[in-house]
Engineer: 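A single structure is presented below for examination.
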Amino acid sequence: MPERVYTRFDDDDVPSSKPSKPSVTSDKPPAPSQGKKRKRGELQSNPAPEKKASKLLADHASCAKTQQNSGNINGVSRSGPPQQNGIPRNGPGRDDKNGHGHGHGQHGQHGHLSKKREILLPLRKALPIWPHAEEIKAGLRGSKDVMLLTGETGSGKSTQVPQFLLDEPWCKGCIAITQPRRVAAISLARRVAEEMGSLLGSLSPASKVGYSVRFDNSTSPNTRIKFLTEGMLLQEMLRDPWLNQYSAVIVDEVHERSVNVDLLLGFLRNLVTGDKKGRNGKPLKVVIMSATADIESLFKFFDEGFQKSLNTCQKAKGDHTQTNGANDSDSSWSGIASSEDENSKKALTKKSKPNGVGKSNGERSLKRKENPSISPEPIDLTSDFMYTCYIEGRQYPVKIMYLPEPTQDFVEAALKSIFQIHYKEPLPGDILVFLTGQDTVEALERLVNEYALGMDTNVPKLLALPLFAALPQSAQQRIFHPSPPKTRKIILSTNIAETSVTVPGVRYVIDSGKVKIKQFRNRLGLDSLLVKPVSQSAAIQRKGRAGREAPGVCYRLYTEKDFVGLEKRTVPEILRCDLSGSLLTMKARGVDDIFSFPFLDRPPREALEKALLQLLQLGALTETGGISEVGLQLAKLPLTPTLGRVIVEAAKPERDCLLEIIDIIACLSVENIFLNLITEEKKEAAEEARRELYRREGDHMTLLTTVQAYAKENSDRKSWAERHFISHRAMQNVMDIRKQLRQQCTHLKLLHPSKIPLKESPAAPSEAQTNAILHSLLRGFAANTARLMPDGSYRTMLGNQTVAIHPASVMFGRKVEAIVFSEFVFTNKSYARGVSGVQLGWVGDVLGSMG
DNA sequence: GAGCACTGC
């Protein structure tokens, strides 16, 4: 009875039980429409010659049913179809942060620069955000220090907002704008420099736009707009906690909710609602840019900060004057808000009850929650200190198709959908498939290629392109090449395409509805990497990838009911990661009481306590919970506290193996340097080629040997890496980090400059050195130790859990009395990765010394 | 016998 049929849910991503208007749903077949409707059997009219293919298509044909193509569109339609203003794809301000859209070099001459600026100006003026310039400027004047801004994809917010604010009277200093990713920071800076007719960063002392990311700082004395990664701004706050060089901080892509952005928001709230005494009276304006759905919680977050500050201020006043009514809220308003104009004064008097405004807006926005994808109606979330602004985006409508029945095998379901789309839909229109990981990507790639062989010759060709982070850069670049003639590209991707990489040419998205997600388990102290259902917001994000260039279709490989049952939001990273690094960051920036730090989402007390305990065990905190000398050193290292602690240990005179440890740590802080090989043939070849690098002491000494051998190779490192089946890109990263860590350690007086060899030392480490290295590792990873049990398994020293040595380890299959490991991950079972053999007595010593 | 995605003076 249940026909396998894609059903379409019109219009809204989050269906409510009673749709506000009639829509095509799963229980009623759509009314036939005159236009593009295709017959059911149409797929069969193109029978594939090969049996497999024809079987597949026949299967799918019976379930393929196209829905009427109503003019109803999903997403933002208010501003009409995009690109009507002659704006090219990837044109100005379209949030193209891959750096592929406009890779112009610098034009050396002033004339060129201003000409470029003139050319770009009309394109800027056509952006959806342009008409809001005055509103945005006005929104931050007077007592209003915080602006919440939602701008959908393609609104131009990342490029235009800093330029709007630049000439405001309060803006005497620099504007910082943060990005979650390096490429985004750099390509946005390049774009804005062009728009302003300025050279980029350090290219000229006069340049007004720069950027700052790890390993790459490009600013000038005259930089007014600086794009930086979130981590970079946090790092700057270590030196300059009041952010004195900035007049404004713009935090972009807040909805991605990285750990760093959460910390940043907490610090910024404290700054902007605090006494600002370190800023010598200079104002600091904060702009938060995020998805519409987050605005309410962000508003509450900052509003709470302002309320608290009012209460504190008022209490202080009460204490001083010894007079009335500490709870009389009205009397306190004028105390803190030194309003600069009549309007804000009026606003002050209007707001009689602290919660009044927020509440009514809360009710209104609840309505929106049911339909988050409709055209945003402005919600009037305003306070005396905040302004909320909505910018429509440029997004084409995307139809959604659901499976009528859940599927167990999303790879097979994706395969069927790919061929269904390919046979049904005319070119152009590439297909983007969201899968969980390298394994499913490669499995589907093989299947697509296999079935494509059986396609009729008059059917367009298929080109399957895998996309995942571990893929070499050159292979990743293939997705940007235009399709060959009469060919449809099928991009098989992990969630890298959700945020990090924008694939051009996509009109069809197939969403497996699954994602591999990392979760830190406090009690066990280990990371889990598990396949889980995506959240609704992630599903919406994936769907949106189909509507970047033309109207599109999103095939969800789950039912509409499944979608309704999904979590609304992806759990923010800060609630599912090890917090020790974050807490160290906070302690180093003067947050004494981490339990009162303003978290947008507060991690459970247990997680905070666990992290504090870990920092204590590393010696990063004093007995009283203050930060120690070691802790300050760790906070300055671009490493996790654990890895940092290994560095500090290795610098001790009795260990004296810092350079070696730096090489190892550099490897541990990049992705796997050893390439994953698929065919048996290559695996064997790699085994053979790497034999000279393998060390029986374990993975850490193997990494050291590898770095030393690579560094020693002066002629052609790339071919050396290829010969040894080692990722050259990862090794370049390792060398960058090695350099940075050496510098850092010199600054921290852990390393004397005279110790850095001018030439790469070829000497293999002695046994004494090896022991020193392993002891240093043990100091940081004391909790990651296990002993061999009589039955041949390993059990952790703390917690007595079973761990298996990961198959990729050189220690795999070996039995030694004890092991130390730098990574502990749960996938199918608990695995130790990065394993070295150690003496049981050493482990006892280090555990004993920690108490 | 196995590898989501980012990021740091």
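Labels below follow one simple rule: chain letters A, B, ... track the order of the sequence lines, proteins then strands, and each chain is numbered from 1. The basis for the numbers below is simple: all heavy atoms, side chains too, and nothing from hydrogens, waters or symmetry mates.
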Engineer: With nearest nucleotide decided by heavy atoms, which residue, Ser669(A) or Asn672(A), maps closer to the 5′ end of DNA chain B?
Structural biologist: Asn672(A)
Engineer: Classify the side chain of Arg181(A) and the base of dC6(B) as holding, or not holding, a donor-acceptor pair under 3.5 Å.
Structural biologist: no
Engineer: Can you tell me if Gln541(A) uses its side chain to pair, donor with acceptor, with the backbone of Glu498(A) under 3.5 Å?
Structural biologist: yes
Engineer: Classify the nucleic acid contact of Asn260(A) as base, sugar-phosphate or nothing, counting any heavy atom under 4.0 Å across all strands shown.
Structural biologist: nothing
Engineer: Rounding to a whole Å, what distance do you find between Ile186(A):CD1 and dG8(B):P?
Structural biologist: 9 Å
Engineer: Of the options dC9(B), dA5(B), dG3(B), whose atoms approach the side-chain atoms of Pro638(A) most closely?
Structural biologist: dC9(B)
Engineer: Nearest to the side chain of Tyr831(A), which nucleotide is it out of dC9(B), dC6(B), dG1(B)?
Structural biologist: dG1(B)
Engineer: Quick one: does any side-chain atom of Arg645(A) pair with a main-chain N or O of Leu634(A) as donor and acceptor, under 3.5 Å?
Structural biologist: no
Engineer: What is the nucleic acid contact for Gln744(A), judged by heavy atoms within less than 4.0 Å: base, sugar-phosphate only, or nothing?
Structural biologist: base
Engineer: As a test of reading the structure: which of dG8(B), dA5(B), dG3(B) is closest to the side chain of Phe468(A), going by heavy atoms?
Structural biologist: dA5(B)
Engineer: Would you mind classifying the nucleic acid contact of Glu236(A) as base, sugar-phosphate or nothing, using non-hydrogen atoms under 4.0 angstrom?
Structural biologist: nothing
Engineer: Applying a 4.0 Å non-hydrogen cut-off, can you work out what Thr827(A) is touching in the nucleic acid: base, sugar-phosphate, or nothing?
Structural biologist: sugar-phosphate
Engineer: At 4.0 Å (heavy atoms only), tell me whether Leu639(A) reaches a base, stays on the sugar-phosphate, or touches nothing.
Structural biologist: base
Engineer: Need one value for Val259(A): base, sugar-phosphate or nothing, where a base atom within 4.0 Å counts as base even if backbone is also close, heavy atoms only.
Structural biologist: nothing
Engineer: Of the nucleotides dC6(B), dG3(B), dC9(B), which has the atom closest to the Leu238(A) side chain?
Structural biologist: dC9(B)
Engineer: Rounding to a whole Å, what distance do you find between Leu634(A):CG and dC9(B):P?
Structural biologist: 16 Å
Engineer: Quick one: Tyr211(A) OH to dT7(B) P, roughly how many Å, whole number?
Structural biologist: 14 Å
Engineer: Counting side-chain heavy atoms from C-beta on, which of dA2(B), dC9(B), dT7(B) comes nearest to Asn828(A)?
Structural biologist: dA2(B)
Engineer: Check ring pair (Phe, Tyr, Trp, His ring centres under 6.0 Å) between Phe267(A) and all other residues, then give those that pass, not counting sequence neighbours.
Structural biologist: Phe597(A)
Engineer: Reckon Leu529(A) touches a base, only the sugar-phosphate, or nothing at all at heavy-atom distances under 4.0 Å?
Structural biologist: base
Engineer: More than 12 heavy atoms of other residues, nucleotides or ligands under 6.0 Å from CD of Glu629(A): yes or no?
Structural biologist: no
Engineer: CZ of Arg742(A) versus P of dG8(B): gap in Å, rounded?
Structural biologist: 21 Å
Engineer: Between Gln740(A) and dC9(B), is there a contact of a side-chain N or O with OP1 or OP2 at under 4.0 Å?
Structural biologist: yes
Engineer: Rounding to an integer number of Å, can you tell me how far Leu675(A) CG sits from dA2(B) P?
Structural biologist: 20 Å
Engineer: Please determine, for the side chain of Met232(A), which listed nucleotide (dC9(B), dT7(B), dG1(B)) has the closest atom?
Structural biologist: dC9(B)
Engineer: Hey, does Leu637(A) reach any base, or is it just sugar-phosphate, or nothing, if we go heavy atoms under 4.0 Å?
Structural biologist: base
Engineer: So, using ring pair (Phe, Tyr, Trp, His ring centres under 6.0 Å) as the criterion, who are the partners of Tyr246(A) when residues are at least two apart?
Structural biologist: none
Engineer: Should the pair Arg690(A) and Phe674(A) be classed as cation-pi, given the thresholds of under 6.0 Å to the six-membered ring centre and 45° from the axis?
Structural biologist: no
Engineer: Base, sugar-phosphate, or nothing: which does Arg182(A) touch, judged by heavy atoms less than 4.0 Å apart?
Structural biologist: sugar-phosphate
Engineer: What nucleic acid atoms does Arg214(A) come within less than 4.0 Å of, heavy atoms only: base, sugar-phosphate, or nothing?
Structural biologist: base
Engineer: Could you check whether any side-chain N or O of Ser809(A) sits under 3.5 Å from a backbone N or O of Arg833(A), counting only pairs where one atom can act as donor and the other as acceptor?
Structural biologist: no
Engineer: Taking atom P of dG3(B) as reference, at what distance in whole Å does atom CG of Asp439(A) sit?
Structural biologist: 8 Å
Engineer: Within this structure, what is the CZ-to-P distance between Phe520(A) and dC6(B), rounded to whole angstrom?
Structural biologist: 22 Å
Engineer: Could you tell me the separation between the NZ atom of Lys749(A) and the P atom of dC9(B), rounded to a whole number of Å?
Structural biologist: 19 Å
Engineer: Using a 4.0 Å heavy-atom cut-off across all strands, classify Ser258(A) as base, sugar-phosphate, or nothing.
Structural biologist: nothing
